[in-house]
Amino acid sequence: MNAAGRGHRPRKRFGQNFLRDPNYIRRIVAAIAPGSGDHCLEIGPGDGALTLPLAEAAGRLDCMEIDRDLAQRLETRFAGWENVRIYRRDILKFDLAELGENADELRVVGNLPYNISTPVLFRLLKMSHSITDMTIMLQREVVERMTAAPGNRNYGRLSVMLAYYCAAERLFPVPPEAFRPIPKVHSAVVRLVPHRQRPMQAADEDFFATVVRTSFGQRRKTLRNSLKSLAAAEVLERLPVDLAARPEQLGLADYVHISDAIAADKEK
Ligand code: SAM
């Protein structure tokens, strides 16, 4: 156990499984390749397995840790480091604008707490205009859902929403034995790069998100059935897609077209 973690009893409610295997720590940091011109944001630094190598390489490192004890240990450990700031905060309640004026090219890093990984992802996607890239570790199944293509059994709401905001690349798996305590699940590292130029632009992004959520709400239903709650039957029949299809058969462009067509009809 490294020095900062000694004596800390891992808290399940905060999803605390700490990386211990030096090879995986090295591989993750190598995948990020932080540089002196980079502004990194680490979500959930925990007892600092990734924090130290990041702090040594990055021009600036902001860390967001919800656990007061761990945040306090990190504050003590990095007290003399001018490029490191520790925030005792909940990432789900933090506005990136608080990081200051130049926080618009953030490199986000984190071994995310699995119990809140989906809400954290959706929050980061909303802020993707301020983010250069994100290298994050998640439960393997979540990474499979993030990177799945239409037709795949893992393809769903997360795949479509991610494809809208960024390019996602699965980097490598990490076994449970790399952590302490050993988690019940397998993990994987994924890299997300927000599109500078979106391949598709929805006229109303909130409504687009609603269309995707509603479509996948009940995967076995056809689109005709799922979308009933969002538009009248005659509007649905005019949509540029096959309404007998199931949600996993449609790609990003289809969802944007559906969203735009229903939204345009509402404005009439
Ligand atoms: N990065 C460390 C590592 O790799 O060993 C710890 C990873 S552990 C899976 C997740 C970390 O996120 C814990 O330190 C936990 O306290 C912190 N955390 C959990 N929920 C959080 C939240 N809402 N905001 C910020 N940090 C959170």
Side-chain angles (χ1 to χ4, degrees), residues 1-32 34 40-58 61-78 84-96 98-99 103 106-127 131 134-143 171-191:
M1 184 174 284
N2 71 39
R6 204 163 286 144
H8 176 79
R9 186 189 287 260
R11 294 189 165 106
K12 237 188 174 155
R13 72 176 188 282
F14 292 147
Q16 291 178 353
N17 298 95
F18 301 108
L19 249 183
R20 285 288 171 271
D21 188 319
N23 289 320
Y24 283 104
I25 294 172
R26 253 195 306 275
R27 277 183 80 180
I28 294 170
V29 176
I32 300 161
C40 294
L41 167 67
E42 186 182 6
I43 301 171
D47 62 1
L50 298 170
T51 317
L52 181 62
L54 289 172
E56 284 169 340
L61 174 64
D62 290 315
C63 301
M64 217 59 59
E65 174 57 61
I66 199 170
D67 185 313
R68 300 181 117 255
D69 297 341
L70 290 175
Q72 202 160 23
R73 287 163 193 246
L74 289 166
E75 275 164 17
T76 308
R77 187 172 175 196
F78 289 98
V84 181
R85 270 185 240 174
I86 311 292
Y87 295 79
R88 294 186 204 185
R89 297 287 289 274
D90 179 345
I91 187 67
L92 290 174
K93 295 185 182 148
F94 193 84
D95 181 354
L96 294 188
E98 287 183 51
L99 294 179
L106 285 176
R107 302 198 65 201
V108 176
V109 176
N111 169 10
L112 292 190
Y114 297 152
N115 48 349
I116 57 161
S117 58
T118 310
V120 170
L121 277 174
F122 277 100
R123 195 168 167 79
L124 291 172
L125 290 182
K126 278 263 172 204
M127 304 171 182
I131 296 174
M134 310 182 230
T135 309
I136 48 190
M137 180 146 57
L138 295 145
Q139 191 173 335
R140 186 176 62 186
E141 287 72 14
V142 178
V143 173
L171 296 183
F172 50 87
V174 182
E177 298 72 35
F179 304 88
R180 290 292 180 277
I182 297 177
K184 290 199 180 76
V185 298
H186 284 255
S187 305
V189 179
V190 66
R191 176 183 290 131

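Everything quoted here is computed from the prediction, not taken from an experiment. For the single chain, residues carry numbers from 1 onward in sequence order. Note that ligands are numbered from 1 as they come in the structure, with each ligand's atoms numbered from 1 the same way.
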Does ligand 1 have any atom that is closer than 4.0 Å to a heavy atom of R20?
-> no

Do any nitrogen or oxygen atoms of D47 lie less than 3.5 angstrom from nitrogen or oxygen atoms of ligand 1?
-> no

Is there a heavy atom of K93 sitting under 4.0 angstrom from any atom of ligand 1?
-> no

With no hydrogens and no angle check, is any side-chain donor or acceptor of N111 less than 3.5 Å from a backbone partner on G44?
-> no

Looking at ligand 1, does any of its N/O atoms fall within less than 3.5 Å of an N/O of D67?
-> no

Please check if the side chain of R77 supplies one atom and the backbone of D47 the other of a donor-acceptor pair under 3.5 Å.
-> yes

Quick one: which of Q72, H8, R88 gives a side-chain contact (heavy atoms from CB on, under 4.5 Å) with D67?
-> H8

Measure T51 to ligand 1 on non-hydrogen atoms and call it side chain, backbone, both or neither using the 4.0 Å cut-off.
-> neither

Top protein contact for atom 5 (O) of ligand 1, by heavy-atom distance | L19 N, 2.8 Å

Checking R191 side chain against L171 main chain: does a donor-acceptor pair fall under 3.5 Å?
-> no

Who's the nearest protein heavy-atom neighbour of atom 7 (C) of ligand 1, and how far?
-> N111 ND2, 3.3 Å

Protein residue, atom and distance nearest to atom 17 (C) of ligand 1, heavy-atom basis = E65 OE2, 3.4 Å

Donor-acceptor under 3.5 Å (E42 side chain, V109 main chain) = no

If you compare A49, C63, P119, P45 by their heavy atoms, the one closest to atom 2 (C) of ligand 1 turns out to be P45

Out of I66, L92, N17, whose heavy atom sits nearest atom 18 (N) of ligand 1?
-> I66

R11 backbone acceptor or donor facing Q16 side chain under 3.5 Å | yes

From atom 22 (C) of ligand 1, work out which of D90, N115, V174 has a heavy atom at the shortest distance.
-> D90

Taking N or O atoms only and a 3.5 Å limit, does I91 qualify as a polar contact for ligand 1?
-> yes

Check: R123 side chain, F94 main-chain N or O, donor-acceptor pair, under 3.5 Å = yes

Sub-4.0 Å heavy-atom contact, I43 with ligand 1 | no

Would you say I136 and L121 make side-chain contact, with heavy atoms under 4.5 Å?
-> yes

Who's the nearest protein heavy-atom neighbour of atom 6 (C) of ligand 1, and how far?
-> G44 O, 3.4 Å

